[in-house]
Protein chains: 2
Amino acid sequence: MIDTRFSVSIQIMMTVAHHKDELVTSELLANALDTNPTFVRKMVSRLVEADLLNSYRGKGGGIELARKPNQISLNDIYIASTNEKKLINVHNKPIVKTCEVSCCIKSVLNNLVDGIETSTQSYLAKKTLHDLMKQV
Amino acid sequence: MIDTRFSVSIQIMMTVAHHKDELVTSELLANALDTNPTFVRKMVSRLVEADLLNSYRGKGGGIELARKPNQISLNDIYIASTNEKKLINVHNKPIVKTCEVSCCIKSVLNNLVDGIETSTQSYLAKKTLHDLMKQV
DNA sequence: ATAAATGTGTCAATTATTGTTACATTAAAT
DNA sequence: ATTTAATGTAACAATAATTGACACATTTAT
């Protein structure tokens with residue numbers, strides 16, 4: 001099953017941003033995303049923890065942006081939503097000691113994965129939620 | 001289940017490169033990768049189709065590089081191994097017509113995904129199999 | 001108290017990847 | 001020609017990560 005958490009998080013952030021100056025509920029977000037409130041809240045709780053959203057419990061509660069859209073980079077959202085998961089996965093096969101390539105493959109792949117992450121994150125860091133909202 | 005095809009393809013290419021001037025069998029590769037020959041052959045057949053490997057059937061057959069290591073970029077391997085799959089997946093939720101964000105989210109996400117792909121591919125295009133072999 | 005919201009744990013459902021088996025095809029060697 | 005040893009591939013099973021669903025605790029305004 002493919003991972004769409006970054007996409008879902010982007011849409012959550014954009015929808016909250018679109019409802020400027022009001023609190024939105026996880027039920028509203030779940031309707032807009034054709035999913036269920038529990039899943040939304042799990043995503044939202046990561047974004048809250050990353051200080052991108054504020055959430056308020058109890059009657060009249062809901063969710064709002066924690067910062068202005070131009071102060072929220074897409075890399076902030078990426079980091080919060082994927083939680084350590086990398087774009088490219090290094091396999092976890094055991095090392096075959098008789099194979100010189102197998103013996104060094106982990107470090108080769110880890111270097112490569114780190115490079116891709118750094119490259120992508122610097123790309124995402126240049127774009128903000130505000131940039132995306134201009135497309136609405 | 002996580003996708004490790006790019007990592008596996010890198011290791012296949014490196015292992016074939018390491019056995020310079022000889023043909024390697026899918027069984028040898030399967031041992032080095034702690035997997036089975038059929039899975040290896042599925043990966044190899046994509047790399048053959050992309051003109052990165054040559055394969056020879058029949059007794060005495062096997063696999064060799066189709067080009068010199070410095071003529072094979074990591075982007076070539078990436079393109080061949082992932083086959084249209086993107087680093088970031090756009091979700092496939094239905095559009096909710098009453099939500100302005102939902103109505104434009106697909107184009108916003110597709111733009112973003114394209115940007116990430118382009119950025120990453122240009123990063124990978126600068127590195128070659130030869131660069132990786134220096135780390136063995 | 002009640003109502004309405006988030007927070008979270010658990011388990012089921014879905015689905016993409018990986019593994020397995022079987023067999024067709026090919027080509028060298030005897 | 002037959003045998004042997006290799007790739008190619010189709011079909012199906014097993015595994016595991018993501019998503020969905022449900023229950024219930026917690027919080028807060030009315």
S.K.: OP1, OP2 of D:dG20 versus side-chain N and O of A:Thr35: anything below 4.0 Å?
M.R.: yes
S.K.: Distance alone, cut at 3.5 Å: any donor-acceptor contact between the side chains of B:Ser26 and B:Arg41?
M.R.: yes
S.K.: Tell whether A:Lys93 reaches the base of C:dT18 with its side chain through a donor-acceptor pair below 3.5 angstrom.
M.R.: no
S.K.: Which nucleotide in the list D:dT18, C:dG19, D:dG8 gets nearest to the side chain of B:Arg41?
M.R.: D:dG8
S.K.: Can you tell me how far C1' of C:dT18 sits from CD1 of B:Ile2, to the nearest Å?
M.R.: 11 Å
S.K.: Taking only the side-chain nitrogens and oxygens of A:Thr4, find out if one of them lies under 4.0 Å from OP1 or OP2 of D:dT19.
M.R.: yes
S.K.: Rounded to whole angstrom units, what separation is found between the CG atom of B:Asn54 and the C1' atom of D:dA6?
M.R.: 15 Å
S.K.: Kindly give the heavy-atom pair with the smallest separation between A:Pro69 and A:Thr128, and that separation in Å.
M.R.: O-CB, 3.7 Å
S.K.: How close or far is atom P of C:dA13 from atom CG of A:Asn36, stated in whole angstroms?
M.R.: 15 Å
S.K.: Does NZ or CZ of A:Lys127 lie under 6.0 Å from the centre of the six-membered ring of A:Tyr123, at an angle within 45° of the ring axis?
M.R.: yes
S.K.: Go through the N and O atoms of the side chain of A:Lys59 and the base of D:dT26, and report whether any donor-acceptor pair is under 3.5 Å.
M.R.: no
S.K.: Any donor and acceptor pair, going by atom type alone, linking the side chain of B:Lys106 with main-chain N or O of B:Lys93 inside 3.5 Å?
M.R.: yes
S.K.: Let me spell it out: for each of B:Gly61 and A:Arg57, pick the nucleotide of DNA chain D with the closest heavy atom. Which residue's pick is nearer the 5' end?
M.R.: B:Gly61
S.K.: More 5' along DNA chain D: B:Ser55 or A:Met1, using each one's nearest nucleotide?
M.R.: B:Ser55
S.K.: Tell me whether A:Glu100 at atom CD has more than 12 heavy atoms from other residues, nucleotides or ligands lying less than 6.0 Å away.
M.R.: no
S.K.: Measure NZ/B:Lys85 against P/C:dT18 and give the value in whole Å, please.
M.R.: 8 Å
S.K.: Return the value, rounded to whole Å, for the distance between atom CD of A:Glu49 and atom C1' of C:dT8.
M.R.: 13 Å
S.K.: Please state how far atom CD in B:Glu64 lies from atom P in D:dT7, giving the value in whole angstrom units.
M.R.: 13 Å
S.K.: Taking atom P of C:dT15 as reference, at what distance in whole Å does atom CG of B:Asn89 sit?
M.R.: 14 Å
S.K.: Do B:Thr38 side-chain and C:dT21 base share a donor-acceptor contact under 3.5 Å?
M.R.: yes
S.K.: Rounded to whole Å, how long is the line connecting atom CG of B:Leu23 with atom C1' of D:dA5?
M.R.: 13 Å
S.K.: Looking only at side-chain atoms of A:Thr25, point me to the closest of C:dT6, C:dT18, C:dG9.
M.R.: C:dT6
